[in-house]
Protein chains: 2
Amino acid sequence: MSDRVVPPAARQRRRPTKQGVVLSAELIVGTALRLIEEHGADALSVRRLGRALGADPSALYRYFRHTDDLMLAVADELIGRSLRSWRPTGDWAADLRDLGLRMHAGALAHPRAATLSAHRVTGRAHEIQAVESILGVLRRAGFPDAEAVRIYHAFVDQALAFGALDSAGTALPRAAREAEAEVWRTTYGRLPAETHPHIAATARHLVASMRTSSYPAALDLFLAAARTRLGQLRARTGDARPH
Amino acid sequence: MSDRVVPPAARQRRRPTKQGVVLSAELIVGTALRLIEEHGADALSVRRLGRALGADPSALYRYFRHTDDLMLAVADELIGRSLRSWRPTGDWAADLRDLGLRMHAGALAHPRAATLSAHRVTGRAHEIQAVESILGVLRRAGFPDAEAVRIYHAFVDQALAFGALDSAGTALPRAAREAEAEVWRTTYGRLPAETHPHIAATARHLVASMRTSSYPAALDLFLAAARTRLGQLRARTGDARPH
DNA sequence: ACCTTATGACAACACCGTTGACCTGTTAAG
DNA sequence: CTTAACAGGTCAACGGTGTTGTCATAAGGT
């Protein structure tokens with residue numbers, strides 16, 4: 001039964017659920033997001049979502065072909081929410097930094113959706129808008145086209161990849177997350193200097209650092225490198241604009 | 001029943017399964033890896049793994065506390081295989097570059113396993129050795145401890161994150177991968193300059209760039225930034241060693 | 001007011017991870 | 001060489017999951 005899903009435009013009979021809820025794709029996506037935020041990523045199952053909506057689980061299959069389909073819709077909503085309020089200021093590095101942090105934060109807020117969508121090109125409105133914005137920032141900064149694309153690609157992939165990586169961490173069941181912290185504290189924190197001198201020497205820093213995301217640091221390194229690169233390009237072409 | 005798992009050293013009675021297989025942690029991990037590669041990440045379940053091994057699913061719980069435990073072992077095995085033949089040369093940047101590319105290649109070689117395991121801290125032998133090696137390279141290069149840890153963290157996460165991102169791409173079903181390329185060629189390749197000037201101006205480069213991984217570029221930017229950082233640190237401390 | 005049919009509900013299917021109880025072959029001690 | 005302990009494989013069950021075939025009914029056009 002593959003034609004169970006009806007395109008939203010063609011939907012006409014708005015019959016309420018037994019419990020009196022009128023379903024819609026938007027309501028389902030919104031409830032899914034709420035469920036994830038309130039009770040963690042593993043709280044999202046078709047059955048629980050149905051329960052939260054006040055509908056039979058199978059009713060959702062009138063709106064989404066399967067769970068992946070639903071998660072992609074959630075992801076799309078996510079892009080929109082993350083970048084809705086972003087505006088370029090003219091300082092290209094600051095703009096990119098802001099964008100990167102927003103994308104990363106958006107991913108962290110909705111881990112399951114992020115891990116699912118990080119590696120997919122949707123070609124939908126929000127995504128196109130983001131691509132255009134980033135390329136604009138880079139070209140206005142003075143990067144020649146080929147270089148702008150190279151930097152754009154690395155920038156976006158880095159944001160997506162770290163977003164997925166870090167949100168996978170937060171999506172772990174609570175027990176597993178605590179186990180990870182424990183591993184750093186006990187296993188790595190107690191290796192003897194004779195066998196593992198470098199870990200032993202930096203154990204204190206390691207334990208502290210591993211509790212937080214390395215994305216801000218990685219992003220800043222990235223921007224620093226891009227700034228240097230731009231300087232080289234300008235020197236070569238005799239352009240002396242400040243950066 | 002939490003004391004079901006017996007440490008491998010203490011294991012003595014090697015009783016074969018009904019189907020004549022003698023189990024071991026190594027055999028289980030190896031079979032899991034094979035299963036994932038051959039039939040996709042979804043093919044890995046305790047029950048299927050048991051069937052593939054010729055043992056009752058519950059027998060695996062004598063070797064691993066739960067599925068997560070098993071996945072960590074698989075992840076560690078993956079790290080071990082990727083870095084087995086790496087040797088430091090003394091040129092820290094070249095060494096890191098080599099390491100990063102190996103980790104990335106290792107992830108690509110086992111895409112489905114990589115996507116499952118990239119974000120976990122295993123605390124096992126191979127991982128510990130990798131941490132020690134990377135920290136060693138950085139500290140010998142002259143990075144002070146706090147900085148070495150910061151750079152280590154960003155470096156490792158970048159390699160893992162891009163590894164996961166890129167292998168998620170290659171792990172997609174063929175049809176989905178072709179659809180993605182199609183999106184770039186048609187959707188992005190044909191946006192009019194009036195509405196999307198930056199995409200239109202760089203479309204040619206975009207289509208070409210998106211076909212390949214951005215990790216090498218990102219890695220080189222990372223190393224360039226680290227080199228600059230090291231230079232600043234040396235200038236500040238009056239150290240004039242060459243880089 | 002009637003008919004069509006979209007849409008929600010129900011029940012069932014085939015899986016999943018995990019555990020407690022059981023059974024038996026291996027091994028070490030006598 | 002026998003025997004008793006127990007490690008380790010097996011079985012059955014629990015409560016969960018996504019998904020689908022079928023049915024009932026209320027909404028909306030006529």
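Chain letters run A, B, ... following the sequence lines, proteins first, then strands; residues in each count from 1.
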Would one find a side-chain N or O of B/T17 under 4.0 angstrom from OP1 or OP2 of D/dG8?
no

What's the CG-C1' distance between B/D69 and C/dT19, to the nearest Å?
16 Å

Position toward the 5' end of DNA chain C (nearest nucleotide), B/P16 or B/A43
B/A43

Using atom CG of A/L23 as one end and atom P of D/dA26 as the other, report the distance to the nearest whole Å.
16 Å

Would you please classify the geometry between the A/H104 ring and the A/Y215 ring as parallel, tilted or perpendicular, with 30° and 60° separating the classes?
parallel

Atom pair distance, as rounded to whole Å: CZ in B/R62 and C1' in C/dT18:
13 Å

Could you pull out all residues at least two apart from B/R185 that satisfy salt bridge (Lys or Arg N to Asp or Glu O under 4.0 Å)?
B/E182

Would you mind telling me which of D/dT20, C/dG8, C/dG17 lies closest to the side-chain atoms of B/Y61?
C/dG17

Without decimals, in angstroms, what is the distance between B/L60 CG and D/dC11 C1'?
15 Å

Starting at CD of A/Q19 and ending at P of C/dA9, how long is that distance when rounded to a whole Å?
8 Å

State, to 0.1 Å, how close B/A73 and B/F64 come at their nearest heavy-atom pair, and which atoms those are.
CB-CE2, 3.7 Å

Report each atom pair, protein N/O against N/O of nucleotides 12-17 of chain D, whose distance is under 3.5 angstrom.
from, atom 1, to, atom 2, distance (Å)
D/dT17, OP1, A/S45, OG, 3.2

Using atom CZ of A/F64 as one end and atom C1' of D/dT19 as the other, report the distance to the nearest whole Å.
16 Å

So, is B/Y63 near the phosphate of D/dG9, with a side-chain N or O under 4.0 Å from OP1 or OP2?
yes

Applying salt bridge (Lys or Arg N to Asp or Glu O under 4.0 Å), name anything that partners A/E132, two or more places apart in sequence or on another chain.
none

Can B/D95 and B/R102 be counted as an ion pair, charged N to O under 4.0 angstrom?
no

Sort out for me which residue in B/L27, B/I28, B/D69 forms a side-chain contact (heavy atoms from CB on, under 4.5 Å) with B/Y63.
B/I28

Distance in Å, B/M103 CE paired with B/L160 CG, rounded so as to fall on 0.5 Å steps:
4.5 Å

Whole angstroms only, please: what is the CD1-C1' distance between B/I28 and D/dG9?
12 Å

Whole Å only: how far is the CG atom of B/D68 from the C1' atom of C/dC16?
15 Å

